[in-house]
Visitor: 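Please find one structure pasted underneath; my questions will follow.
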Amino acid sequence: DAGVIQSPRHEVTEMGQEVTLRCKPISGHNSLFWYRQTMMRGLELLIYFNNNVPIDDSGMPEDRFSAKMPNASFSTLKIQPSEPRDSAVYFCASSLGGQVEQFFGPGTRLTVL
Amino acid sequence: KNEVEQSPQNLTAQEGEFITINCSYSVGISALHWLQQHPGGGIVSLFMLSSGKKKHGRLIATINIQEKHSSLHITASHPRDSAVYICAVSAGAQKLVFGQGTRLTINP
């Protein structure tokens with residue numbers, strides 16, 4: 001199995017630009033999670049989906065952030081407009097539902113100048 | 001006060017030493033996870049437990065639900081065990097709340 005796939009691995013952009021991060025979960029997994037990791041705040045859950053439906057988006061920092069899961073094999077996290085404080089590593093993870101182990105992607109390191 | 005507290009924040013030891021990392025939490029949980037993050041940044045799930053003890057190779061995880069406390073032990077530590085170890089809890093739903101991590105360095 002290829003594991004959770006994220007793209008791009010690195011993104012450098014300027015303040016005000018739109019950023020789109022992509023995630024392909026492990027085939028057959030029905031839960032998908034977006035996390036953000038920073039030095040100051042550590043790992044935080046942004047949003048998670050079950051069966052392509054957003055369940056909890058209370059961690060999404062503000063309206064500039066949006067996430068979609070149009071089908072079981074693809075999700076996007078979009079930031080528009082981006083700000084320097086959005087610089088972080090964004091992880092996607094997937095699991096086979098319920099209280100089970102989560103499998104993490106390699107992360108996308110975002111730098112907003 | 002954070003819902004999940006880990007100690008120590010940093011730990012340096014010599015190869016071969018027995019390592020213990022502690023995690024305390026303040027909420028009722030349905031499961032506790034131990035994760036490992038290597039210097040390259042990738043995150044791997046080590047254990048998920050809701051009671052008792054689990055063992056995988058040289059790693060052992062224990063949890064005491066009444067005391068709201070978990071420990072991760074590494075026997076015969078090796079430099080390749082150097083990583084950040086993260087405790088996370090889920091309280092009913094799948095949402096994870098993370099500790100701040102423990103940075104472990106094993107010197108040869």
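Everything numeric here is computed off the predicted structure, so don't read it as measured data. So that the names make sense, note that chain A is the first sequence line, chain B the second, and so on, each numbered from 1.
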Visitor: Just do the side-chain contact (heavy atoms from CB on, under 4.5 Å) check on A:Glu101 and B:His33 with the steps written out, would you?
Guide: CA-CA 8 Å; A:Glu101 177 184 10; B:His33 301 245; 5.8 Å; no
Visitor: For A:Glu14, does the CD atom have more than 12 heavy-atom neighbours from other residues, nucleotides or ligands under 6.0 Å away?
Guide: no
Visitor: What distance do A:Glu44 atom CD and B:Lys95 atom NZ have between them, rounded to the nearest 0.5 Å?
Guide: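 A:Glu44 atom CD to B:Lys95 atom NZ measures 10.0 Å (nearest 0.5 Å).
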Visitor: With a 4.5 angstrom heavy-atom cut-off, could you sort out which part of A:Phe103 is near chain B: side chain, backbone, both or neither?
Guide: neither
Visitor: Please examine the side chains of A:Gln102 and B:Met48, heavy atoms only from C-beta on, and report whether any two atoms are closer than 4.5 Å.
Guide: no
Visitor: Flag the one option from A:Val89, A:Ile55, A:Asp56, A:Leu43 with the top tally of heavy-atom pairs under 4.5 Å to chain B.
Guide: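 Counting heavy-atom pairs under 4.5 Å, the top option is A:Leu43.
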Visitor: Look at atom CD of A:Glu62 and say whether more than 12 heavy atoms of other residues, nucleotides or ligands are closer to it than 6.0 Å.
Guide: yes
Visitor: Are there over 12 heavy-atom neighbours, none belonging to A:Arg64, within less than 6.0 Å of that residue's CZ?
Guide: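 Yes, the 6.0 Å shell around CZ holds more than 12 heavy atoms from other groups.
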Visitor: Quick check on the hydrophobic clustering: are A:Leu46 and B:Val97 connected, directly or via other members, by side-chain heavy-atom contacts under 4.5 Å?
Guide: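 No, separate clusters.
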Visitor: Verify the neighbour count for atom CG of B:Asn10: are there more than 12 heavy atoms of other residues, nucleotides or ligands below 6.0 Å?
Guide: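 Yes - once you tally the heavy atoms of other residues, nucleotides and ligands closer than 6.0 Å, there are more than 12.
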Visitor: Between B:Ile43 and A:Phe91, is a side-chain contact (heavy atoms from CB on, under 4.5 Å) present by the stated rule, with each step listed?
Guide: CA-CA 9 Å; B:Ile43 297 175; A:Phe91 288 97; 3.8 Å; yes
Visitor: In this structure, which one of A:Tyr35, A:Tyr48, A:Phe33 forms a side chain to side chain contact (heavy atoms under 4.5 Å, CB included) with B:Leu96?
Guide: A:Tyr35
Visitor: Take a 6.0 Å sphere around CZ of A:Arg41 and say whether it holds more than 12 heavy atoms from other residues, nucleotides or ligands.
Guide: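 Counting neighbours around CZ of A:Arg41, 12 or fewer heavy atoms of other residues, nucleotides or ligands fall under 6.0 Å, so no.
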